[in-house]
Amino acid sequence: MGDIVQIYEDYQGRADFLTVYVREAHPTDEWQMKSNVKDDVCYAQPKTLAQRVAIANDFTKRFKFPLPFGIDDMSNAANDAYAAWPERIYIIDESGRIAYRGGMGPFNYKPEEAREWLAARYGAVKHDAPKSPADEAPPRPRPAAPAK
Amino acid sequence: MNRFWRWVAGILGVLFLAAFAVLSFIAGSPKDAYGMVRYALPHMHRGTLKVGSDAPDARIVALDGVSRFHIRERTHERPLVLVFGSFT
């Protein structure tokens with residue numbers, strides 16, 4: 001998730017973004033993951049649109065998710081049209097054609113490929129490498145020179 | 001003949017157990033292997049879209065739960081990065 005937010009922050013001036021919430025991947029009443037329990041992300045598979053809307057709002061508020069956001073309706077029309085579940089990225093160009101088709105998540109969900117597409121078109125956005133703890137540590141005080 | 005079918009059933013059983021063991025290893029546990037087969041595989045599709053295909057349209061519900069818009073309304077002068085996913 002952090003990757004796609006960073007891409008959004010880097011390229012929102014060049015491209016439009018839309019996140020579409022689709023049916024849950026690991027709800028409590030299906031294939032729940034231990035990591036979801038640990039992270040307190042426990043939801044049953046929504047049976048109504050109101051439940052989907054509630055979970056989507058929980059998500060955006062909890063993570064202060066900045067990307068424009070929408071919700072697939074209970075017919076799963078967007079999911080079906082884009083074979084989107086459980087997660088996937090596409091880029092649609094100005095002519096309305098698929099310009100980039102990401103692989104099926106989770107194993108082939110690769111935001112870096114979308115970044116590469118945007119970088120090829122608009123130029124790469126470089127980020128400073130994170131400083132090492134040693135770089136950020138305050139300088140050690142030097143021992144006082146011995147009195148002569 | 002009965003002996004033949006017993007061998008076939010035995011071999012198929014061994015293959016099934018081996019496949020389940022491999023899947024359990026990949027998924028992390030037998031429970032996860034069952035979850036993958038029961039809940040994930042039926043919903044995972046490669047899809048037919050390719051680069052160059054017309055992007056399909058679909059009606060999307062806004063976060064307020066009331067407003068609607070279409071994906072293709074968002075494709076105009078700039079590329080649209082379309083990200084699908086869920087909370088869990």
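We name chains A, B, ... by the order of the sequence lines, and we start the count at 1 in each one. Quick note: numbers below take in every heavy atom, side chains included, and nothing from hydrogens, waters or symmetry partners. What you see is a predicted model; the values in this text were computed from it and never measured.
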- line: Turns out that what part of A:Ala99 lies under 4.5 Å from chain B's heavy atoms comes down to backbone
- prompt: Given a strict heavy-atom distance threshold of 4.5 Å, which part of A:Asn108 is in contact with chain B: side chain, backbone, both, or neither?
  reply: neither
query: If you look only at pairs with a residue in residues 74-83 of chain A, which of them pass as a side chain to side chain donor-acceptor pair (under 3.5 Å), with sequence neighbours excluded?
result: A:Arg52-A:Asn76, A:Asp73-A:Ser75
- prompt: Which heavy-atom pair separates A:Arg14 from B:Pro79 by the least distance, and what is that distance?
  reply: O-CD, 3.9 Å
message: Between B:Arg38 and A:Trp31 (side chain of the first, backbone of the second, donor and acceptor by atom type, cut-off under 3.5 Å), is there such a pair?
response: no
Residue part contacting chain B, namely of A:Gln32, when any heavy atom lies under 4.5 Å: backbone
task: Could you list the residues that satisfy side-chain contact (heavy atoms from CB on, under 4.5 Å) with A:Ala44, not counting sequence neighbours?
output: A:Thr28, A:Asp29
- prompt: Looking at B:Ser67, B:Ala58, B:Gly52, which has the largest count of heavy-atom pairs under 4.5 Å with chain A?
  reply: B:Gly52
- line: residues 80-88 of chain B vs chain A, non-hydrogen distance cutoff under 4.5 Å, contacting residues -> B:Leu80, B:Val81, B:Leu82, B:Val83, B:Phe84, B:Gly85, B:Ser86, B:Phe87, B:Thr88
query: In terms of heavy-atom pairs under 4.5 Å, which option from A:Gly96, A:Ala84, A:Gly70 contacts chain B the most?
result: A:Gly96
- prompt: If you draw a 6.0 Å radius around OH in A:Tyr122, do more than 12 non-hydrogen atoms from other residues or ligands fall strictly inside?
  reply: yes
message: Ignoring hydrogens, what is the shortest heavy-atom contact between B:Ile60 and A:Ala78? Give both atom names and the distance.
response: CD1-CB, 3.8 Å
field: Engaged part of B:Arg72 at the chain A interface, taking heavy atoms whose separation is under 4.5 Å
entry: side chain
- prompt: Tell me the side chain to side chain donor-acceptor pair (under 3.5 Å) pairs involving residues 11-30 of chain B, sequence neighbours left out?
  reply: B:Ser29-B:Asp32
- prompt: Mind checking whether B:Thr75 and A:Glu94 have side chains closer than 4.5 Å, heavy atoms only?
  reply: no
task: Can you tell which part of A:Pro111 gets under 4.5 Å to a heavy atom of chain B, answering side chain, backbone, both or neither?
output: neither
